[in-house]
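Structure, as structure tokens:
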Amino acid sequence: MSPDPGDFSTPATPPHPAWLPDAAVAPFRLDTVCVLGAGAALDAVRDELTDAPSADAAEARLVIARTDAVAAPSALGLPALPDIPDDGHAIVRAAGRVAVLGATDVAALRGFYALVREHAADRATGRVRPEGTVISAPSAPLRMLDHWDNVEVHPWMGQVERGYAGGSIFYAEGRVRSDLSRVRAYARLLASIGVDAVCVNNVNVHAREARLLTDDLGEVARIAAQFRAYGIRTFLSVSFGSPMTLGGLATGDPLDPAVADWWVDAAAGVYAAVPDFGGFLVKADSEGQPGPFAYGRTHADGANVLAAALRPHGGIVLWRAFVYDHEQDWRDRSTDRARAAYDHFVPLDGQFADNVIVQVKHGPIDFQVREPLSPVLAAMPRTRLAIELQVTQEYTGQQRHVCYLASAWSEYLGFRLDGERTVAEIVTGDEQNSPGAVVGVSNVGTDRFWTGHPLAQANLYAFGRLAWDPTLTPTAVLDEWIGLTFAAASDDAFRRIRVALHAMMDGSWLRYESYTAPLGVGFMVSAEQRHYGPGVDAYEYSKWGTYHFADRDGVGVDRSVATGTGYAGQYPSPWRERYESVDTCPDELLLFFHHVPYGHVLHAGKTVIQHIYDSRHDAVEELDAVEAAWESLADLVGTAAVPAALDARMRELLCEQRRSAIEWRDQVRSYFFRKSGVPDLAGHTIY
Ligand code: GCV
């Protein structure tokens, strides 16, 4: 990939407009427009429509309004205003006119972007919208992006931990950037997909970053001002050790009154600087971060002391459940990292304050390309829960491979984890769980395309859309994204781009899975290359608790109750039984739950070893079609549809994807042949 373009403020390399190019909004400037009501977010709508001819509400073809600014429905030619939820919006089409309505300026702004989105999607699908009213409200009340950005460049993690798109858009040279125009552009993009919260620093809180909470509040306020204009609240990751490291106290014990007072003062300080501050995100007792265990306290004790400090200001705590032993002895087969979050957190159900949300990674290990859903999500009905997704592609190609993650997320959110309730229902609130959140780890940086791989922009887009409405299909979301991003293309070019991108992206998650670690086993990633590329044994004899146990006879982790670690027993029915038995365990998770001989026959009919040989081959072969799809657009390069810089980046990365996929194929296949000695019946080359 091209080197980090560095400071984005150089006029020579303006950032790519992502899914909001001028051409996506321009159609709404052609007709008469009226924007009604006050508020920064409505000013943002006015900015979008600056060049449009204006008219009063009774005449304008397009009205965007806060409902409290509408004198009477008749002023819009309507018999009555629709009944709109506070955080939702309505798009009313009547008598050839369109009214976009929301109870607040932010709701109206989101409604405006919904209109822009509809227009783009309709171009992709050819749909003509009928007259009538469409009301949309978010499924999750909190739709948040976490940034793993450091203020300073960390010696071995760089500036953005697991970032694959250059430096931080927030920080440069050890402080908050003086030019925050890129943050404002980011806020606009996020508002257009309904994201309403951003945490601006890494959950691994190093010494410099800890001081954002105290010394840098004026600077945090500058960032928050950029987001506020687009209806997005700012959060900070804080270190549980802050009372000691920043406050000079002798202890961080959450039950010590002096510690509680320190947090009360810290929270008051933040709200004095940022009145609409969202709250704290905390990684405690995890991978070296301090936490309540040091004082013999529980994670509920830890979270609640912060929650009490934030409560008077309306703030919340997002407390991560990613707690496990990262100093494990690989010889010890009784400890199973997959069990850890459940073992630590489920006994605490009902003990967390009501302004605490327990944030749970989607799977029990760590954002692998294939994991079962975390059983914690089904086991804490008296706790507000968030699902954490990784938009940044740490384990899914690091924004050098095409991997459209909406396919995975939509499967997770729609999964009926206790047989009845979907994960989306659990985290967005239902008759059992109070509303929680959908959280993603952001994938943007200073890269001119924002996300390294230009197609990784679609993952950020899809995150927001699925957090708003988890029932959307990945293909429909992709159509919206293509319609917006390539709005400048002529009709014919657009049709071809759409076909090409669906061919490249629709199956890309499963393709990535097929050439990397097989059947749910996970973590066969290079340690040297920071989780990029193959490293079949890289974590096999390590302290991280991520093993595959391949030997000459078989592979996989026995997590059954009968003979293994018992992890399968953490699931409610029917999954507990499904996963427990080799006979009923889904193929794609077989090696996550069972250690099986290489000759074990999958439901799909092949032996495990032949599946390992074949699927890698097939996935690499599929890349021919992926490359051909992009090549089919060659005559468009240099037009507004496909700028030369976009094409250059795409070609460079497609080349790298092929190189890397071949490396995965050959290493994994050779490794298992050498372990098992079982010949490949298809006669593929094995090294
Ligand atoms: C922010 C994994 C990643 C770490 C990350 C951690 C977490 O272990 O490799 O970089 O740290 O998850 O989610 O806290």
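Each ligand, and each atom within it, is numbered from 1 in the order the structure gives.
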Quiz prompt | Closest contact, heavy atoms only, Asp537 versus Tyr671 | solution = OD1-OH, 2.9 Å
Exercise. Is it possible for you to check whether Arg665 lies under 6.0 Å from the centre of the six-membered ring of Tyr515, through NZ or CZ, and within 45° of that ring's axis?
Key: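 Output no; distance or angle outside limits.
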Exercise. Please say whether the positively charged group of Arg333, taken as NZ for Lys or CZ for Arg, lies over the ring of Tyr547, i.e. under 6.0 angstrom from the six-membered ring centre and within 45 degrees of the axis.
Key: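 Judged by the rule, Arg333 and Tyr547 form no cation-pi pair.
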Quiz prompt | Closest to atom 12 (O) of ligand 1 among Gln390, Met157, Lys361 (heavy-atom distance) | solution = Lys361
Self-check item: Single hit among Phe227, Phe235, Tyr186 for ring pair (Phe, Tyr, Trp, His ring centres under 6.0 Å) with His147
Solution: Tyr186
Do any N/O atoms on [X] end up under 3.5 angstrom from N/O atoms on ligand 1?
{"X": "Arg162", "result": "yes"}
{"X": "Tyr324", "result": "no"}
{"X": "Glu388", "result": "no"}

Return the closest protein heavy atom for [atom] as residue, atom name and distance.
{"atom": "atom 10 (O) of ligand 1", "result": "Glu161 OE2, 2.5 Å"}
{"atom": "atom 2 (C) of ligand 1", "result": "Asp366 OD2, 2.9 Å"}
{"atom": "atom 14 (O) of ligand 1", "result": "Lys283 NZ, 2.6 Å"}

Exercise. Could you pull out all residues at least two apart from Ser434 that satisfy side chain to side chain contact (heavy atoms under 4.5 Å, CB included)?
Key: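 Counting only residues at least two positions away or on another chain, Ser434 forms a side chain to side chain contact (heavy atoms under 4.5 Å, CB included) with Arg384.
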Self-check item: salt bridge (Lys or Arg N to Asp or Glu O under 4.0 Å) between Arg421 and Asp418, intermediate numbers included
Solution: CA-CA 6 Å; Arg421 302 185 302 157; Asp418 61 5; 3.1 Å; yes
Exercise. Apply the test side chain to side chain contact (heavy atoms under 4.5 Å, CB included) to residues Arg182 and Trp450: give CA-CA distance (whole Å), side-chain angles for both, the deciding distance (0.1 Å), then the verdict.
Key: CA-CA 10 Å; Arg182 183 80 176 248; Trp450 293 91; 3.1 Å; yes
Exercise. With heavy atoms under 4.0 Å as the rule, classify the contact between Tyr395 and ligand 1 as side chain, backbone, both or neither.
Key: side chain
Self-check item: Proximity of Asn202 to ligand 1 by residue part, where a heavy atom lies under 4.0 Å
Solution: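 The answer is the side chain.
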Quiz item: Considering only heavy atoms of Glu394, which atoms of ligand 1 have at least one such atom less than 4.0 Å away?
Solution: 3 (C), 9 (O)
Quiz item: Should you measure from each heavy atom of Phe322, which atoms of ligand 1 turn up under 4.0 Å away?
Solution: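 Numbered from 1, ligand 1 contributes 6 (C), 7 (C), 8 (O), 12 (O), 13 (O), 14 (O).
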Self-check item: Audit row: Arg211, Asp216, salt bridge (Lys or Arg N to Asp or Glu O under 4.0 Å) steps and yes/no
Solution: CA-CA 6 Å; Arg211 293 193 348 248; Asp216 295 310; 5.1 Å; no
